[in-house]
Amino acid sequence: MVGAVPKERVDSPAPGPEDKRHAPATARNREPIAEVLGGWLPSSGRLLELASGTGEHAVFFAARFPQIVWQPSDPDPLLRRSIQAYRHSDGGANLRVPLDIDVAARDWPLDRDDLPLDAMVCINLIHIAPWSAAQGLFAGAGRYLSAGGGLFVYGPFKRGGQHTAPSNAAFDASLRGQDPAWGLRDLEAVTALAQAAGLAPPLIREMPANNLSLWFVKQGPDQESAEVNP
Ligand SMILES: C[S@@+](CC[C@H](N)C(=O)[O-])C[C@H]1O[C@@H](n2cnc3c(N)ncnc32)[C@H](O)[C@@H]1O
């Protein structure tokens, strides 16, 4: 079920510059990601970002794609304050107040008027969360995307059960050391989740630092699950 949630919420006290968090990787990856998004996102429409983190990506991408209504979200209240702080200082009219969304939750607090979504974006989440987050993310894409809409997923992945670089193997080991439920995911397992949710196998773009950009398109009710990536 989709609950009615006000688009604007009052923050008390109002988030200020001291609430801004900084994730250094966003400064490195935002330009390459924006370039790929530019080729895959619709020219306009409603987009939901999951696991927005600091909000640095949201404010940058919303400015880059002004015809898209950019809805950030994160389950961490301190990060939602950070998103709000960036939004107040640098956000344009198309950047919404962040929502509290845990992708693993069965229902997400989205306004009915905002559905269906034209696109979803999720950057650097599914390896830094239990597998249930990946399951919830793709289930949500199946529930909330319009047919023809797409889910963008970015991060490091294993392919064919193998790491694609020694640095990814080391990163995987360090993640599992922090939490055994975390770790790099197999692209094939993620693709299987997507297909179970009614999304086609992804377009794939190799990115700097051994990351991948993936674009999963939600299929219509009468579409066969076809391979889009030759
Ligand atoms: C590594 S950070 C990535 C943040 C941002 N996307 C970026 O690339 O800078 C992971 C983010 O996932 C969020 N997160 C963790 N578990 C989540 C869940 N179950 N649902 C949604 N977001 C989650 C965290 O709060 C955090 O903001």
Side-chain angles (χ1 to χ4, degrees), residues 5 15 19-37 41 47-65 70-87 90-91 95-110 117 119-144 151-157 167-168 171-172 174-185 190 193 197 205 207-215:
V5 172
D19 292 303
K20 288 181 176 176
R21 300 287 186 270
H22 177 50
T26 59
R28 294 191 295 273
N29 63 26
R30 64 187 188 178
E31 189 58 52
I33 291 175
E35 198 176 308
V36 176
L37 283 175
L41 290 182
L47 180 150
L48 174 64
E49 182 186 13
L50 289 316
S52 298
T54 62
E56 291 165 287
H57 276 151
V59 80
F60 182 83
F61 296 142
R64 179 67 72 93
F65 305 108
W70 196 281
Q71 173 65 71
S73 70
D74 203 280
D76 183 330
L78 289 180
L79 291 173
R80 289 199 302 280
R81 282 187 73 79
S82 176
I83 297 166
Q84 275 288 60
Y86 281 106
R87 181 175 170 271
D90 305 314
L95 180 59
R96 288 261 186 98
V97 175
L99 295 175
D100 177 3
I101 297 179
D102 173 350
V103 294
R106 195 176 165 76
D107 297 312
W108 299 354
L110 299 170
L117 299 166
M120 292 166 54
V121 165
C122 185
I123 298 170
N124 282 331
L125 169 66
I126 63 175
H127 55 293
I128 312 180
W131 182 239
S132 56
Q135 292 172 311
L137 174 67
F138 283 96
R143 280 197 305 278
Y144 301 124
L151 166 64
F152 176 87
V153 179
Y154 174 93
F157 290 88
S167 59
N168 278 10
F171 185 38
D172 186 37
S174 99
L175 288 171
R176 290 178 194 280
Q178 290 173 68
D179 187 328
W182 294 4
L184 270 62
R185 306 302 176 192
V190 171
L193 274 187
R205 188 74 63 86
M207 303 295 286
N210 305 303
N211 289 292
L212 295 179
S213 283
L214 307 173
W215 180 244

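It should be emphasised that the depicted structure is a prediction, and the values quoted were computed from it without experimental measurement. Atoms within a ligand are numbered from 1 in the order they appear, just like the ligands themselves.
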Exercise. Specify the closest pair of heavy atoms between Leu99 and Gln71, including all atoms of both residues, with the distance to one decimal.
Key: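 Answer, listing the atom of Leu99 first, then Gln71: CG-NE2, 3.4 Å.
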Quiz item: Any idea which heavy atoms bring Val103 and Ala133 closest together, and the distance?
Solution: CG2-O, 3.5 Å
Exercise. Go through the structure and list residues passing side chain to side chain donor-acceptor pair (under 3.5 Å) with Glu31, not counting sequence neighbours.
Key: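 If we apply the side chain to side chain donor-acceptor pair (under 3.5 Å) test to Glu31, skipping adjacent residues, the hits are Arg64.
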Quiz prompt | From CG (Asp107) to CG (Asp102), nearest 0.5 Å | solution =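 Going from CG on Asp107 over to CG on Asp102, the span is 11.5 Å.
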Quiz item: Can you name the residues that form a ring-ring contact (aromatic ring centres under 6.0 Å, His included) with Phe61, not counting sequence neighbours?
Solution: His57, Trp70
Quiz item: With Phe65, which residues qualify under ring-ring contact (aromatic ring centres under 6.0 Å, His included), at least two apart?
Solution: none
Quiz item: Contact residues of ligand 1 with a heavy-atom cut-off of under 4.0 Å?
Solution: Thr26, Ala51, Ser52, Gly53, His57, Asp74, Pro75, Asp76, Leu79, Ile101, Asp102, Val103, Ile123, Asn124, Leu125, Ile128
